[in-house]
Amino acid sequence: MKILLIEDDREAAQYLIQALDEAGHVTHHASDGETGYAMASGMDYDVLVVDRMLPRRDGLSIVETLRAEDDQTPVLILSALGEVDDRVTGLRAGGDDYLVKPYAFTELLARIEVLARRSSPAEAATRYEVGDLSLDRLSRKVERAGEVILLQPREFRLLEYLMKNAGKVVTRTMLLENVWDYHFDPQTNVIDVHMSRLRGKIDKGHAQPLLHTIRGAGYMIRE
Amino acid sequence: MNRLVQIWRTSTVRLTATFVLIFAVFSVLLLAFITFQSSIQIQRQQAADIEREVRQIQNIDRVRGITEVVRAVERLSRLPGPGIYYLGDPTGMMIVGNVDDFPPLILQVPGGYSFNYARQRPFDGGGDAPQGTALVRSLVLDSGLLLVVGRDVVERRGFTAIIFQGFLWGVVGIIVAAIFAGVFTSIRVLKRIDAINSTSSQIMSGNLSERVPVTRRNDEFDALATSLNAMLDRIEGLMQGLKEVTDNVAHDLKTPLTRMRNKAEAALRSGGEPETQREALETTIAESDKLIRTFNALLMIARAEAGAPSGAFADVDVSAIVADVAELYGPLAEDEGMVIEAAVTPGIVLRGNRELIGQALVNLVENALKYGMPPEGRPGRIIVGLRPENGRVLLTVSDNGPGIPEDDRERVIERFVRLERSRTDAGSGLGLSLVAAVARLHRGSFRIEDNGPGVRAVMDLPQTETRPAQA
C-alpha cells in the first residue's frame with residue numbers, strides 16, 4: 001500500500017515510516033503542509049495520514065482542498081486535540097477517521113488498513129463470506145456451514161463490521177466507535193466480553209476458528 | 001490638570017453636564033414665555049389705567065366743571081412716574097400737562113396712539129433717556145377741552161427687564177451649583193473607584209488575599225465591592241483547588257512514571273535476557289497507556305468544567321444512551337456474576353454533549369461493577385435508571401453492594417480521591433469527578449445517596465428546551 005504521511009515531528013515520522021515499512025507499506029513523507037498538499041495532489045496514494053497542526057498549511061485545510069478538488073483518497077487525521085468537537089470538525093472537513101495522539105501503532109496500522117479498503121468496491125456488497133460463514137446484509141441472515149446462526153441485533157452489527165473488514169485487524173476502540181457509535185474510554189474489557197459471546201456463537205462446534213484475537217491489537221476474522 | 005481630565009471623564013460629570021444643558025434650554029424657553037406674558041399683562045394694565053383716568057376726568061368735567069378738571073389734571077401730571085397728561089383748549093393750546101410735543105394728529109383725531117417723544121423729566125424705572133415711547137389716548141371732553149392721557153412704556157419694559165434679570169441670575173446660579181455638585185460627586189465616586197482599582201492592581205501583583213473595602217453606607221458601590229469580593233473568594237478557592245490538584249497530579253502521574261523508569265532501568269541492568277526485556281517493555285507500554293488515560297480524563301474534566309461552548313450542544317437522546325450503555329455492559333456484568341437492569345423512560349431528549357453524558361454514565365456503571373458487588377455472595381444487581389421528575393431528569397445508577405460511608409460520599413467526587421479499599425485497583429480516581437463536571441456542564445448536579453444497601457449515584461439534570469431537528 002502507498003501511504004503519504006504529512007507530519008512535522010521528524011522523530012515521530014521516522015518511527016512511523018519504519019514501522020509502516022515493516023508492515024509492508026511504502027510511505028512517503030512530507031514535513032510541512034504546502035509540500036504535503038503538493039505531493040498529495042500530484043501523486044496517487046492509497047491513504048493519507050495527515051497531522052492536524054502543521055507548519056505553512058494546516059492539516060484540515062489540506063483535506064478540505066483535496067475534497068473540493070474531488071480527490072477521494074481516504075484520509076486519517078492525527079491530532080493532539082482529542083475533544084469531541086475537534087473530532088467532529090476533523091471529520092466534517094473531509095477526514096475519514098480521526099486518531100488522537102498519543103496512540104498505539106497497532107491502532108494506527110489497523111485504521112490505515114481498514115481505510116484503504118474503503119476505496120475498493122467491496123463497500124457496496126450485500127453479502128459477506130469468510131470461509132463457510134456467510135452474512136446477508138439484506139435478509140440479516142447469518143449461516144455457518146449451512147446452519148443458521150441467530151444473533152442479537154448488536155451481535156449482527158459486530159459481525160457485519162468484522163466481515164466487512166475480513167483479513168484486517170480491527171481494534172477495540174474501532175469496534176466501539178463503529179458498532180456502538182461511542183467514543184468512550186472504557187476502563188474494563190467490555191468489548192472482549194461481547195467478542196467472546198460472538199465467538200461462542202460463530203466458532204463453537206467448528207474445527208476451524210474464524211474469529212481470532214490478535215494479541216496487543218484487537219480482533220480479526222479470516223479463514 | 002490630569003485630575004480635571006479624569007473628573008471630566010467620569011460619568012457623573014457628564015451626566016450632570018447633560019442635565020444642566022437641558023435645564024438651561026428649558027429655563028430660557030420659560031423665561032421667554034414669562035417675559036412675553038408679563039409684557040402683555042402690563043400693557044393691558046396700562047391700557048386699563050389710562051381708561052380709568054380718562055373716565056374719572058370726564059366725570060369731573062361733566063359734574064364739577066372746567067376749573068376742577070384743570071386742577072385734577074395738573075395734580076396728576078405733577079405725580080412722579082410714567083404718567084403722561086395734557087389738557088388743552090379747543091384750539092390746541094396747552095392749559096396744563098407734562099408733555100406737549102404731540103404729533104398734531106393726536107389732537108385733531110381722538111383715539112389711541114403710540115409715538116416717540118422727548119422726555120422733559122427723568123423718572124424711576126430707567127426712564128433717564130431723553131427719548132421715550134408713549135402710549136396715549138386722546139379725546140374731546142364734554143366741555144370742549146382736549147384731553148390726552150398716557151403712559152411712558154419704558155416702565156413696562158423696565159418691569160420685563162427686572163423679571164428677565166432675576167430669572168437669568170437664578171438660572172446661572174443653578175448651573176454653577178449643578179457643576180459644583182457634579183464635580184463634588186465625581187470626586188467622591190472617583191475615590192471609591194480608585195479604592196477598587198488599587199485593590200485589583202494589588203491582586204494582580206500577586207496578593208490574592210486583598211479585598212475591596214466595603215463601607216457601611218450600603219450603597220451600590222458596596223454592593224459592587226461585596227460581589228467583587230465574593231468573586232475574589234471564589235477565585236482564591238479555585239486557585240487553592242488548582243494547587244491541590246497540581247499536587248495530586250504530580251503524585252498520581254509521578255508514581256507510574258517512576259515505576260516505568262525503574263522497570264526500564266532494571267531491564268537494562270539485567271543483562272539483556274530477551275524475555276525480561278520484553279516483559280519490561282510491555283509493562284512500560286501498559287503504564288504509559290494508563291498515564292495517557294489519566295491525562296485524557298483530566299483534560300476532559302477541565303474542558304467540562306470550563307463549560308464547553310454550548311454551540312457544541314445538540315439534542316441528545318439520553319434514553320437511547322442509557323439503553324445502549326446497559327446493553328453494552330450487560331454481558332460483562334453477567335460474567336462478573338451481576339445483573340444490569342435498565343429502568344428507562346423512553347424518549348427523554350436533552351440539549352447536551354452526547355459523548356460526555358455517555359462517558360459519565362460509563363464511569364458510573366464501571367464503578368458499580370468494580371465496587372458494587374455485595375459481600376456475602378448475594379447476586380449483585382445494578383439498576384440504570386432514567387426518569388423525569390418535576391421538570392428535571394434523574395439519571396441514576398444504583399447497586400446493592402457495600403455502599404459508601406456517609407462521611408465519604410462528598411469526598412469521593414473530588415479529584416484523585418480514592419477510598420482505601422480501591423487503592424489497589426486500576427483507576428485514576430477521576431471517574432466521579434468527571435461525572436460531577438459533566439453534571440455541572442449541563443447545569444445540573446451530582447450526588448451519591450444511600451441505596452440501603454448499596455450506592456445510588458444520581459445525576460440530577462434540568463429538563464431543557466430541545467430544538468426541532470434541523471433538516
Side-chain angles (χ1 to χ4, degrees), chain A residues 15 19 78-92 98-108 151-158 171-173 175-201 215-218, chain B residues 278 281-282 285-286 288-297 299-300 302-304 306 308-314 316 320-321 323-325 327-336 340 352-363 365-370 425-428 430-431 434:
Chain A
Y15 164 68
L78 293 180
S79 171
L81 305 173
E83 284 302 314
V84 181
D85 314 350
D86 304 326
R87 188 189 295 272
V88 170
T89 44
L91 297 182
R92 205 170 278 159
Y98 193 99
L99 192 56
V100 180
K101 292 178 177 180
Y103 48 81
F105 176 71
T106 47
E107 184 78 42
L108 178 72
L151 295 178
Q152 304 286 334
R154 193 73 70 176
E155 289 169 337
F156 181 86
R157 287 184 60 187
L158 199 54
T171 64
R172 292 172 179 82
T173 44
L175 288 171
L176 193 58
E177 284 176 23
N178 290 287
V179 177
W180 277 271
D181 192 24
Y182 285 106
H183 300 274
F184 302 142
D185 171 27
Q187 313 245 337
T188 48
N189 55 342
V190 60
I191 298 294
D192 296 336
V193 178
H194 282 273
M195 290 305 290
S196 89
R197 301 213 159 192
L198 184 62
R199 178 176 281 142
K201 291 190 176 177
R215 194 159 174 270
Chain B
R278 185 181 175 80
L281 284 174
E282 276 172 0
I285 290 174
S288 70
D289 281 351
K290 239 170 82 181
L291 275 170
I292 290 165
R293 200 165 257 180
T294 306
F295 215 80
N296 284 342
L299 286 178
M300 209 186 260
R303 276 275 189 116
S310 53
F313 274 22
V316 177
I321 297 182
D324 281 351
V325 170
E327 186 235 54
L328 177 65
Y329 279 88
L332 181 66
E334 245 173 75
D335 282 9
E336 307 261 327
I340 292 186
N353 184 320
R354 178 171 177 269
E355 303 296 335
L356 286 177
I357 293 176
Q359 180 76 59
L361 184 60
V362 162
N363 287 3
V365 171
E366 291 194 345
N367 264 7
L369 283 169
K370 268 191 258 178
D425 291 313
S428 55
L430 292 170
L434 179 77

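The model shown is predicted, which means the values in this text are computed figures rather than measured ones. Residue numbers start from 1 in every chain, and the chains themselves are labelled A, B, ... in the order their sequence lines are given, proteins ahead of strands.
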Revision key, fill the gap. Greatest number of non-hydrogen atom pairs under 4.5 angstrom with chain A, of Ile285(B), Ile292(B), Asn363(B), Asp289(B), falls to Ile292(B)
Review point. Of the backbone (N, CA, C, O) and the side chain (C-beta and beyond), which part of Gln359(B) lies under 4.5 Å from a heavy atom of chain A, both, or neither?
Key: both
Practice item. Apply the test side chain to side chain contact (heavy atoms under 4.5 Å, CB included) to residues Asp335(B) and Arg197(A): give CA-CA distance (whole Å), side-chain angles for both, the deciding distance (0.1 Å), then the verdict. Key: CA-CA 11 Å; Asp335(B) 282 9; Arg197(A) 301 213 159 192; 3.4 Å; yes
Practice item. Can you tell which part of Glu327(B) gets under 4.5 Å to a heavy atom of chain A, answering side chain, backbone, both or neither? Key: both
**Study point:** Under 3.5 Å donor-acceptor, His194(A) side chain and Pro331(B) backbone
**Key:** no
Exercise for review: Count the heavy-atom pairs under 4.5 Å between each of Ile321(B), Leu369(B), Val325(B) and chain A, then report the option with the highest count.
Suggested key: Ile321(B)
**Study point:** For the student: nearest non-hydrogen atoms of Val190(A) and Leu328(B), plus distance
**Key:** CG2-O, 3.2 Å
Check your understanding: Of all of Asp181(A), Asn189(A), Asp192(A), Ile191(A), which one pairs up most often with chain B through heavy atoms under 4.5 Å apart?
Key -> Asp181(A)
Practice item. With a 4.5 angstrom heavy-atom cut-off, could you sort out which part of Ala286(B) is near chain A: side chain, backbone, both or neither? Key: neither
Exercise for review: Check whether Val365(B) gets within reach of chain A through its side chain, its backbone, both or neither, counting any heavy atom under 4.5 Å.
Suggested key: neither
**Study point:** Taking every non-hydrogen atom, the tightest pair across Arg154(A) and Asp324(B)
**Key:** NH2-OD1, 3.1 Å
Check your understanding: Within a reach of under 6.0 Å around CZ of Phe295(B), are more than 12 heavy atoms found that belong to other residues, nucleotides or ligands?
Key -> no
**Study point:** Closest approach of Arg354(B) to Trp180(A) (non-hydrogen atoms, all atoms of both residues)
**Key:** NH2-O, 4.3 Å
